[in-house]
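Have a look at the structure below before the remarks.
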Protein chains: 2
Amino acid sequence: MYAQQIAHIDVPVKQSPFALLDEGWAQPVSFFPAGTEIYAQGEKAGPLYHVEFGAVRVYRLLADGRRQISAFHLAGETFGFEADATHHFFAEAINATGVRVLRIAGAADMSRQLLPLALKGLIRAQEHLLVLGRQNAIERVAAFLVDMAERQGGLRQVELPMSRMDIGDYLGLTIETVSRVFTRLKDKGVIRLLGLRSLEILKQDVLLDMGE
Amino acid sequence: MYAQQIAHIDVPVKQSPFALLDEGWAQPVSFFPAGTEIYAQGEKAGPLYHVEFGAVRVYRLLADGRRQISAFHLAGETFGFEADATHHFFAEAINATGVRVLRIAGAADMSRQLLPLALKGLIRAQEHLLVLGRQNAIERVAAFLVDMAERQGGLRQVELPMSRMDIGDYLGLTIETVSRVFTRLKDKGVIRLLGLRSLEILKQDVLLDMGE
DNA sequence: CGCTTGCTTGAGATTTGTCAATCGAAGTGG
DNA sequence: CCACTTCGATTGACAAATCTCAAGCAAGCG
C-alpha cells in the first residue's frame, strides 16, 4: 500500500541557502522522485533535511497499516528532528522533491542553533494534538487549510501538494470524510475548488474561526 | 470550570537531584496545592520545571472551553519546553506537587543538555498524535495504561494521579467513554480496579497489543 | 480512445457523544 | 456516630458524527 522506490539522485550545489548553517555546512541537494523514502523508522539518525522544493510527509504506522502523518514539510522548511539515536518515523517525498542534507551530527555547538527549531516542532506537534483530540472534521480541515495558506505566504490561492489520503492521514479522518468536508465548504462558499490540488479561499474569516 | 487558586509556597533546598543541571543550578522547591497554576498561556517563558513529587498536566484550550491535555508529568520528569518566548500552554498541579524551578534561561551552552530532552518531548508528542489520530477508545486507554505503568517502574499496580476528566482530555474522549472502557477492560479480566485512582494490570500482554 | 487511479457521492453500520439518572466515597455538621 | 451534602464516576437510552462499503465520475496517460 505504501510501496516506494528507493531511488534518488545527488545534485552538487555550491552553497546552502539555510542561513543558520551556512558556515561550511553547505551540502549537495538530493533529488527524490514522488513516493520515495528519505529515511525509515529504525534507521540510524544524524543529518537534518532542508526542503529546497517539493514536499515531504513524516509518518508512523500501526502494525495493521493505519498511518498517522505527523507533519508535512514544504519548501524552505527543515525536518529530521523526530529521532534520538534512530528514527522513530518514516519520511517520504510526496512529489518530486529536492532536499539538502545537513550533516551536522558531530558539530559541537550546533545544538544552540537546533534547539529553537526543535522547540518550534514541539509546539506545532502539541497544537496538532488539540486538533486531533478535540476538533471535529470540518474544524480539522479548516485548521489545515489555514495552516497551508499561511505557509504559502497567506495568499488566497492555496496549492495542496498531497493527496486526499495524505490529508486524511494527517487529520485522523478517512478520505471520504475529507472529501465531504471539502464539498461542504465549497457549497457554503467558503472555498472554491480550482482543481484537485488547488483551491481558493473565499471567506478567510469564516475559515479562521472554524479552525479556532 | 477550570478555576484555580494561585497560591504556592517556596521551600528552600540545598541541592538539585537533576543530574544534568547540578553544577550551581540548584533551586528551591516550590509547592503547588492541587489545581493551582504553574504557568499560563501567554506568560513569559524561561525556566524549566522538575517534578519532585505529585503530578502536573500541560494543556491548551479552545475558545469554547474544550481542553486538550498534551502531557502529564510525574515525579522525576522535566517539563516547560512548550514555549519559545511566551508559553503556548497552561501547566497546573493535579495534586499537591513539589516543583523545582530551573532558571537556566540565560545559560549559554545549556542547549546541548536541553536538546535531548526537547527531542524526547517531540517524539512523545508525535507518538501521541498516532494515538489520537488513528486509535479507537479502547486502544487509547490501553496505550495510556501501558505508558503509565512503564513510567511507574513497570509494576502491575498502577496509580492514576488524575481524574477521569483529565484522562478523557488527554485521550480525546469524554469521561463517559473512558469510564465505559475501564468497565469493559475490567469485565474482560484485563485489569482490576482497586479504587477510583488505582488499578492492577492482570493481562499485560493483552493490554500491550491493544495499544499496539 | 480506453485505462488507471484518485476523488466524490450515497446508504447503511458503528463508534462515540450527549443527556439524564443513579451510585458511592469523602467530608460536614448536627 | 449518623444523616446529609457534594462531587466524581458509572450506567443507560438515544442522538450525532464518522466510518465502511459500494458505485459512479473525472482527470491524466499510454
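Side-chain atoms are counted along with the backbone in the values below, which use heavy atoms only and exclude waters and symmetry mates. Proteins get letters first, then strands, A, B, ... in listed order; numbering begins at 1 in each.
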On the nucleotide dC19(D), are OP1 or OP2 found under 4.0 Å from the side-chain N or O atoms that Thr174(A) carries?
yes
Do the side-chain N or O atoms of Thr177(B) get closer than 4.0 angstrom to the phosphate oxygens (OP1, OP2) of dG17(C)?
yes
Considering every strand and a 4.0 Å limit on heavy-atom distances, what is the contact class for Gly172(A): base, sugar-phosphate, or nothing?
sugar-phosphate
Return yes if some donor-acceptor pair links the side-chain N/O of [X] with the main-chain N/O of [Y] below 3.5 Å, else return no.
| X | Y | result |
| --- | --- | --- |
| Glu52(B) | Gly76(B) | no |
| Gln152(A) | Glu159(A) | yes |
| Arg140(A) | Leu132(A) | yes |

For the side chain of [X], counting heavy atoms from C-beta on, which of [options] is nearest?
| X | options | value |
| --- | --- | --- |
| Ser179(A) | dT8(C), dT18(D), dT10(D) | dT8(C) |
| Arg180(A) | dT18(D), dT20(D), dT11(D) | dT20(D) |
| Ala137(A) | dT16(C), dC7(C), dT18(D) | dT18(D) |
| Thr183(A) | dT8(C), dT9(C), dT10(D) | dT9(C) |

Rounded interatomic separation in angstrom, taking [atom1] from [X] and [atom2] from [N]:
| X | N | atom1 | atom2 | value |
| --- | --- | --- | --- | --- |
| Glu139(B) | dT14(C) | CD | C1' | 14 Å |
| Arg66(B) | dT18(C) | CZ | C1' | 14 Å |
| Glu176(A) | dA22(D) | CD | C1' | 10 Å |
| Leu196(A) | dC29(D) | CG | P | 12 Å |
| Met165(B) | dA9(D) | CE | P | 8 Å |
| Leu193(B) | dC23(C) | CG | P | 19 Å |
| Leu173(A) | dT20(D) | CG | C1' | 14 Å |
| Leu160(B) | dG8(D) | CG | C1' | 14 Å |

5'-most by nearest nucleotide on DNA chain D - Val178(A) or Arg197(B)
Arg197(B)
Reading DNA chain D from 5' onward, which residue's closest nucleotide shows up sooner: Ser163(B) or Arg184(A)?
Ser163(B)
Can a salt bridge be assigned to the pair Asp166(A) and Arg67(A) using a cut-off of 4.0 Å between side-chain N and carboxylate O?
yes
Salt bridge between Asp64(B) and Arg134(A), side-chain N to carboxylate O under 4.0 Å?
no
